[in-house]
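Note that these values count all heavy atoms, side chains included, but never hydrogens, waters or copies made by symmetry. From a predicted model like this one, the values you see are computed outputs, not experimental measurements.
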Amino acid sequence: MSTQIQSDASANRTSDPPLLQVNDLRVYFPFSRGSLFRPEHGFIRAVDGLTFDIREGETLGLVGESGCGKSTTARAIINLVKPTSGQVILEGTDITGLNDRSMLPYRREVQMVFQDPFASLNPRMTVGSIIGEPIAVHGLAKGKDRKLEVIRLMELVGLNPRFLNRYPHEFSGGQRQRIGIARALAVQPKLILCDEPVSALDVSIQAQIINLLMDLQQRLGLSYLFIAHDLSVVRHIATRVGVMYLGRLVELGAAADLYRAPVHPYTEALLSAVPVPDPNAAAARERIVLSGEVPSPDKQYVGCAFADRCWLAEDRCRTEQPSLATKDHAGACWVRATD
Amino acid sequence: MRDLLSYLTQRFFWMLLTLWVVYTFSFILMRSVPGNPFSSERNVPPAIERQLEARYNLDAPPLTQYIDYLVGIVTRFDLGWCIRLEDYSVNQVLAEGLPVSASLAIFAMVFAIILGVSTGVVSAVYRGTYADIGMRTAAVLGIAIPNFVLAGLAILLFVFGIKIFPAGGWGTLRQVALPALCLGAPIAAYIARLTRTGMLEVLTKDHVRTAFAKGLPKRTVIMKHVLPGAMLPVVSYLGPATARVLTGSLVLEQIFALPGLGSHFIHAALQRDYTLATGMVLTYTVILFVMNTLVDISYSIIDPRVKLQ
Amino acid sequence: MNTGKDDRDVKLLEQILDESKQVQGVSLWQDAWKRLRRNKAAMASMATLCILGILAFLTPLLPLQSPIDKDLNNRRFLPPSLETVVMGQRDGLKFKDGRLTAQLAKFEDEIGELRTKQRSESDPDKRDAIDEQIENRIEVEHPFNQLWNELDSVSWGLCELRVSIFGDYAIPSIFGTDQLGRDLLARVFWGARVSLIVGIVATLVSLIIGVSYGATAGYFGGIVDTIMMRIVDVLYSIPFFFVVILIMTFLGDDAIKKRMNEIGIDQIMVFYVVIGAIYWLTMSRVVRGQVLSLKEEQFVESARTVGASSSRIIFRHLVPNVLGIVIVYLTLTIPSVMLFEAFLSFLGMGVSPPDVSWGLLLKDGVDALSSVKLFWWVVVFPGAALAATLFALNFLGDGLRDALDPRMKNRD
């Protein structure tokens, strides 16, 4: 892999076809639960009609509360989980719902970095084997060449490559996440799905990893889908941001626009919860506290799912479901939908 | 309620399926032994022959015999006649032996639960002390020593040595005590272990530490907060425990000369009384199935998070 | 992949590769081993079991008395004693000088004579006849065949070695004798061989079947898993102990026995299969459960993301992480199997004389208790041997469980 100087990260959005196109993606899980005397059956709507795209060189941040379906989205895109309906189009090819064998060639284009640095590495394999596994699977290099490539990757992510015979439990959390990133890079993908890659790390390490990811993006021309539950984490790295609520996108737009002038009330609430370093500014701003309960994805909502907790809710919000307009910056809200 | 009924129906269906499998298997085995009562070259005494003829279709082709026998079992619970014991139907033998074995088993289980739980609780609460270590050693011994060896040693000690128990026979409380103790000891040991582990796990939980911090007397906390949670693994063990008690009784009834199901079963096996042996295996299957179902149900009542499938 | 790369860079990488060889990681297995070593009870158990295993294997070599030689006249129910014993001393054996070595020499001479006669014989038929004669004589009259039962070639060699080292010396009956005058110490040792082998082999049978079955069901999931586990459920509800006894009932029939001997299956082999058939069920459930939960682990997900094939995932990711629980289960199954064998032999349905196992010894022992006098040694020594072995296996199993899964450690 040679080091390229990447052209401007914010490429012209309207001309080139997108790297990844997701159309009306839905992932529903059937469930049955309940006690002996009161059984329940139904569907969990983890992802409920998601549409977005990612272009080359950009980073789409995907933000939302725990349980809103962000991780499921990532898994559905690379077919770890089978989508119930919808389309996933990678570089013009429809890869929706492909089985593992058919997915194999596409695994070289899109890879994933997982959330838990402790659980995402096989504790019984050496770090060298872990990073080298994708190379072995795709037959990219053998024997000593493979080892050399592993060393190169380790250096690229900032690990001491002399430790390639060590085991995951001998590394710290941040280092393990670097191992995960090195593994994702091994096949030279174009798109990397980062599923809350820093949520399990200490705050000081979080910044390091995010900087590493941005650095790699610059050097290697990568595109990211960056999933997080914390808007402040995403701010630094994302070109565009999407906000999810209960499996749906409620707002989508360029990062700068979204942070400056959020459209959807939920986005506003999230932003108000982000800690601000300046104590005076923090005291001055108005904190929005959401009332009501965190919604559960197994109930079906008529109208806007956020209506119960929304301070702007009108009658229309409870009867008709708002949709997301396809503009540069849009929010799915009857009250705030401006043009 | 709906789920409970569907669960029970399911279990019933599975029990029938299992019984059918066992029955078919036994029948095939029976017919493959030359000289068996179902074949033409049987060699049974005339008295028995008469009974067999009355009940089974002895000269019919195998499939007819199979169906006949099965129908008899299903419609009339008629398990047939013993081929080695004159004038005894299998049902009669079962009726004789069941009360003996049942009371032995119940005594043994009650003893095991009481001894096991109390030892486990003490062991957990006084963890690390000599009492704990002593009890754990006793528990491991109880698990490692086969119950017939234990019975042998017990006889040595308490019948020949200290002379407080009789060596055999059935009828008085004294006579049931020693066999029940020997039968229950390994179960008690395992229950003690389970209780101890369960208790230790619950003792570290936050709601228990809060209870202690509130100043509640130790006994109350243990009885009301810790014990119920720790009992779950014990309850689910009761199923396999019954199986162990039943199999253990096979040996102990021999040693102590008790006229229960176990000794009859062994006798049938050694005498090659196939019909009796088959009947007994079917009975044991039913007993165990019922017991496991009861355990499953009570488990899901105690722990509402568990669902029946 | 190195196109456009500086040769110097490659050299640098290679240098780093060399340096990396100096740094070795500590794998989880090594970690577990270290933890196990700290557990004194488990280490003691392991040492005990190893010693037991070695002694059992070398039993023919040890200077023990004969385990099958009955002396109904003089040596019934002797309490433990240090009274000297000479191999071959029993009158009934009619050994030359009442000594094994002497009789061996005499026997060798007789066979030698026959061989000489054979060599001088020109008629091939007569030569074959002498061969047969020699074989028969060995089978019936060879001192080894009178003192031990059906020795295989390895054991035979060890016996010969024993005689050359120890001569006629045999350890006195420190465990006493049983109701037929047989030395109990020897019987405990020879019984160990049978009991241990049954335990290990039957467990291995259950292991192979159980692991393959459970891993397949767990990995493929879905309908395959449901069907496979339903079968296990049905089999599980069958009270196997009773069915085994039922099977043994049938196998006890003389006609059946004859037919089996014709096919060449001996009872021990039936044992292995039958017992293995019981214990594989739990093993398959355990493995399936572990595989199911492993499947959801992120490192398995990431292996799939990377594009690993099913077999790669199974063998490189699932199996190594399942091994731990399999090993623990193994060490805990062996005692159950041994107990079950003891159980069956006790009921008279297991190993049959002249073979000896601990179960059979215990049967003899408990029978002996019913008499008027107190022949405690007949039950205590075999019982202690069995209990000690089971003890050790349980401790080792517990220790392995703690060592391999440190999260459980806090439960003590």
Validation row: [X], [Y] side chains within 4.5 angstrom (heavy atoms):
{"X": "A:Lys144", "Y": "C:Glu14", "result": "yes"}
{"X": "C:Leu13", "Y": "A:Glu155", "result": "yes"}
{"X": "A:Arg124", "Y": "C:Leu323", "result": "no"}
{"X": "A:Pro123", "Y": "C:Asn321", "result": "yes"}
{"X": "C:Glu301", "Y": "A:Met112", "result": "no"}

Chain C interface, residue from [options] that has the most non-hydrogen pairs under 4.5 Å:
{"options": "A:Ile78, A:Asp100, A:Leu104", "result": "A:Asp100"}
{"options": "A:Asn160, A:Asn122, A:Val127, A:Leu121", "result": "A:Asn122"}
{"options": "A:Asp116, A:Val137, A:Leu80, A:Ile151", "result": "A:Leu80"}
{"options": "A:Gln115, A:Arg101, A:Met103", "result": "A:Gln115"}

> For the side chain of A:Gln111 and the backbone of C:Thr305, is there at least one donor-acceptor N/O pair under 3.5 Å apart?
Replying inline: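 Yes, A:Gln111 side chain to C:Thr305 backbone: donor-acceptor pair under 3.5 Å.
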Please answer whether the main-chain N or O of C:Val306 pairs with a side-chain N or O of A:Glu133 as donor and acceptor at a distance below 3.5 Å.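 No, because the side chain of A:Glu133 does not come within donor-acceptor range (under 3.5 Å) of the backbone of C:Val306.
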In Å, rounded to the nearest 0.5 Å, how long is the span from [atom1] of [X] to [atom2] of [Y]?
{"X": "C:Arg304", "Y": "A:Arg107", "atom1": "CZ", "atom2": "CZ", "result": "7.0 Å"}
{"X": "A:Phe163", "Y": "C:Glu19", "atom1": "CZ", "atom2": "CD", "result": "11.0 Å"}
{"X": "A:Leu164", "Y": "C:Gln24", "atom1": "CG", "atom2": "CD", "result": "9.0 Å"}

With a strict 4.5 Å heavy-atom criterion, list every residue of residues 198-213 of chain C that contacts chain A, or say none.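 Near chain A, by residue number: none.
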| chain A-proximal positions within residues 310-320 of chain C [heavy-atom distance under 4.5 Å] |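 Residues in range: C:Arg312, C:Arg316, C:His317, C:Pro320.
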Exercise for the section: Walk me through it: do A:His169 and C:Asp31 pass the test side chain to side chain contact (heavy atoms under 4.5 Å, CB included)? Expected result: CA-CA 11 Å; A:His169 59 93; C:Asp31 221 16; 4.3 Å; yes
Handout entry: Proximal component of A:Arg183, with respect to chain C [non-hydrogen, under 4.5 Å]
Key =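 It is the side chain, since no backbone atom gets that close.
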Under 4.5 Å from any heavy atom of chain C - which part of A:Asn79
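For A:Asn79, the contact with chain C is made by the backbone alone.
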Can you confirm whether A:Phe29 is buried at CZ, in the sense that more than 12 heavy atoms of other residues, nucleotides or ligands lie under 6.0 Å from that atom?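 Result for CZ/A:Phe29: enclosed.
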Residue among C:Ala303, C:Ala308, C:Ser309, C:Ser302 with most heavy-atom pairs under 4.5 Å to chain A: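 When all of C:Ala303, C:Ala308, C:Ser309, C:Ser302 are compared, C:Ser302 has the most.
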C:Glu297 to A:Ala119 - nearest heavy-atom pair and separation
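Taking C:Glu297 first and A:Ala119 second, the nearest heavy atoms are OE1-CB, 3.9 Å.
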### Message
Please classify the contact between C:Val300 and chain A as side chain, backbone, both or neither, with a heavy-atom cut-off of under 4.5 Å.
### Response
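Neither part.
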